[in-house]
Amino acid sequence: PSRAAALAAFRFVPDEPAVAPAVVADLAHHALVERAPGEWTFRFDRGALGLDGDGAGNLLPALCRVGCPLAVMAGEASWVMGPTERAAIAARVPGCRVQVFPGAHHFLVAHPEPVGTALRAFLDGLGG
């Protein structure tokens, strides 16, 4: 019903407890939109970002057709991209680089420095 209520309701789904409160507050600030007067909501598409999955289906066949180097990064405690999913991608996508970081689904927000370093190394390794 208000911007303040929406800010107070903001949270990661699934939870990511290692994210600093200041980072959560900043993300909440940018994630809000007033769709109509007095109707505050988040910019996320709830139809695509639900607890029952993202609605995209099985993306492994599409990943198998990727013709460029592929880096897959995941949080070690993620139930969205767990060990089974990571192993399936690594087995089906030749040359795929799979890296696991501390944290869960929102690991890149919880641990931005090592994720950024790994991403920079991957990109630098691509050459030209």
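These numbers come from the heavy atoms of this one structure, side chains and all, not from hydrogens, waters or symmetry mates. Numbers here are sequence positions counted from 1.
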Could you check if a side-chain atom of [X] sits within less than 4.5 angstrom of a side-chain atom of [Y], using non-hydrogen atoms only?
{"X": "F12", "Y": "P17", "result": "no"}
{"X": "R92", "Y": "L63", "result": "no"}
{"X": "V66", "Y": "V93", "result": "no"}

Scan for side-chain hydrogen bond (donor to acceptor under 3.5 Å, both in side chains) pairs involving residues 2-23, sequence neighbours excluded, and state none if there are none. R3-H29
Among residues two or more places apart or on two chains, list those pairs meeting side-chain hydrogen bond (donor to acceptor under 3.5 Å, both in side chains) that have a residue in residues 113-126. R120-D124
Which atom pairs, donor and acceptor, lie under 3.5 Å between side-chain atoms of residues 32-41 and protein residues at least two apart or in another chain?
from: E34; atom 1: OE2; to: G38; atom 2: N; distance (Å): 2.7

Distance, nearest 0.5 Å, that separates OG1 of T84 from CH2 of W79: 14.5 Å
Straight-line distance of L70 CG to F122 CZ, nearest 0.5 Å: 6.5 Å
Under 3.5 Å donor-acceptor pairs involving side-chain atoms of residues 96-108, not counting sequence neighbours:
from: H106; atom 1: ND1; to: P14; atom 2: O; distance (Å): 3.3

Output every pair passing salt bridge (Lys or Arg N to Asp or Glu O under 4.0 Å) with a member in residues 60-72, not counting sequence neighbours, ordered by first then second residue. none
Might you point out which heavy atoms bring R86 and M81 nearest each other, and give the distance in Å? NH1-O, 2.9 Å
Partner set under side-chain contact (heavy atoms from CB on, under 4.5 Å) for A18, not counting sequence neighbours: A110, H111
